[in-house]
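Before any comments, here is the structure.
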2 protein chains.
Amino acid sequence: MTEQPAQTTTAGDPATARGEQTRQLIRDTAMRLFRERGYAQTTMRAIAQEAGVSVGNAYYYFGSKDHLIQEFYAQSQVEHRASAQPVLDREEAFGPRLAGVLHAGIDVLTPSHGFAATFFKTAAEPTSPLSPFSAESSGPRQAAIDLFGEVLAGSTAKVDAELRPQLPELLWLAYMGVVLYWVHDRSPGQTKTRQLIDGAVPLIDRLVALSRLRVLRPVTRQALDLIRTLRH
Amino acid sequence: MTEQPAQTTTAGDPATARGEQTRQLIRDTAMRLFRERGYAQTTMRAIAQEAGVSVGNAYYYFGSKDHLIQEFYAQSQVEHRASAQPVLDREEAFGPRLAGVLHAGIDVLTPSHGFAATFFKTAAEPTSPLSPFSAESSGPRQAAIDLFGEVLAGSTAKVDAELRPQLPELLWLAYMGVVLYWVHDRSPGQTKTRQLIDGAVPLIDRLVALSRLRVLRPVTRQALDLIRTLRH
DNA sequence: GTCGGTAGTTGAACACGTTCAAGAAGGGCG
DNA sequence: CGCCCTTCTTGAACGTGTTCAACTACCGAC
């Protein structure tokens, strides 16, 4: 439609540059329609028509309708990382850092609450490449875990030596729990989820501090052993 | 096909007795095919054909393919309750009671691991009536929570007075976590899930006992307050 | 016995996600 | 320019879950 020079705007991978703008066009159209109508109500035919391509062409770039979700997934992760940066720069204490990063994650997701909720079912399926535990999404997952690693590393918190290496992954798991709650949260503006974060963070903060307590050492060790056993 | 007397075998609700055996026939056929071929590979047409009815007739009894899952759900709950009974009769200590009931739940689910895993995605969708948190499944859910109430009530465990009323629901939530792990468990025979139960139960047992400890009182209270706030 | 209404049943039709054989576009190379 | 190969694009066709207007079977009332 629009006339443009030979080189792509983003100047990405030159080996696959040819269809790149078509790919982005389809992706952006899909994201828009998902937001406007919801996931189930957006048909592949509608996406193709609005993007001005054929149905089959959409399938050339995205193996299935679900794969379009993965696009959303990756995009959200990047936005989360970016919107968490100010918090990591500003805060020093563990609690505020964690709370800030969790809130930032929900901030990013909030505009898509309606349709994100619908598609999270796909993410829950173990066989799906969309599962946050799957190998296919290990990239975004590791990035997310690393983000919580930064939360911890940049903080002044004193953490039990045995707990420390496991903590980022545990915090990520807690974040998954927050997202799960958010998905089911029907309160206006998902305020309950905000309460969950604000309530759970001091609790986590406290528990992390308590993990160094003598009485709790055996429990801590027991729990960590279990986690190590269960990791695949 | 087969000749039978006027009264139904189960002699259930007389008001809706007429189509009851057709309903059961469709349900049983669906469950069998789900087990044999998996959920996605079983078509509504195949169910109808094998049951010897028309496709539309299956939809007369079950609003959607998903609703057939709910049937599996309810059935599993009943079986769980039944297979947990010996444990509740035999054991007196909290730990063994809890472990026994959790293992019983997985025992019931195990033959269906293949297809149950696939359909749990539907249960994760918040808008779905299949969600364990939804109003539609409040019946089975309450029954399940009550089961954990029995685990606690019949035990000799000493529990913090404030924690006690919340504990059955928390234990059910933990059970949901076990099921979630089981769904993703690819280890042969799902042995990892068994390890999870055997590892987590002593931990829970220990934490419940510790909840009465003075140092932990504030944390316990803080956590319980949060939970009460978040319940809808 | 006949009538009427409810419960049950049917199969064709619809919209959807997905596939695929066929073709078009583009570019390197003689 | 002509050739070939890869990349990209198309739209018809398939199988699926679901709907629905029409039909049949039953059963109580008159």
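Throughout, a chain's letter reflects where its sequence line sits, starting with A, and its residues are numbered from 1.
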With a 4.0 Å cutoff (strictly under), does any side-chain N or O of [X] reach OP1 or OP2 of [N]?
{"X": "A/N57", "N": "D/dC8", "result": "no"}
{"X": "B/T22", "N": "C/dT9", "result": "yes"}
{"X": "A/Y61", "N": "D/dT9", "result": "yes"}

I want to know whether B/F72 and B/F34 have ring centres closer than 6.0 Å. no

Would you verify whether the NZ or CZ of B/R23 falls within 45 degrees of the ring axis of B/F62 while also being under 6.0 Å from that six-membered ring's centre? yes

Candidates [options] - which lies nearest the side chain of [X]:
{"X": "A/K65", "options": "C/dG17, C/dG11, D/dG17", "answer": "C/dG17"}
{"X": "B/T43", "options": "D/dG17, D/dT18, C/dA7", "answer": "D/dG17"}
{"X": "B/S54", "options": "C/dG17, C/dG11, D/dG11", "answer": "C/dG11"}
{"X": "A/V53", "options": "C/dT9, D/dT10, D/dT18", "answer": "D/dT10"}

Do the ring planes of B/H80 and B/Y175 sit parallel (below 30°), tilted (30 to 60°) or perpendicular (above 60°)? tilted

Nucleotide D/dT10, atom P - distance to OH of A/Y60 in whole Å: 13 Å

Grab the OH-P distance between A/Y59 and C/dT18 for me, whole Å please. 4 Å

Say whether, by atom type as modelled, one donor and one acceptor occur between the side chain of A/H113 and the main chain of A/W182 under 3.5 angstrom. yes

On DNA chain C, compare the nucleotides closest to A/G56 and A/R45; which residue's is nearer the 5' end? A/R45

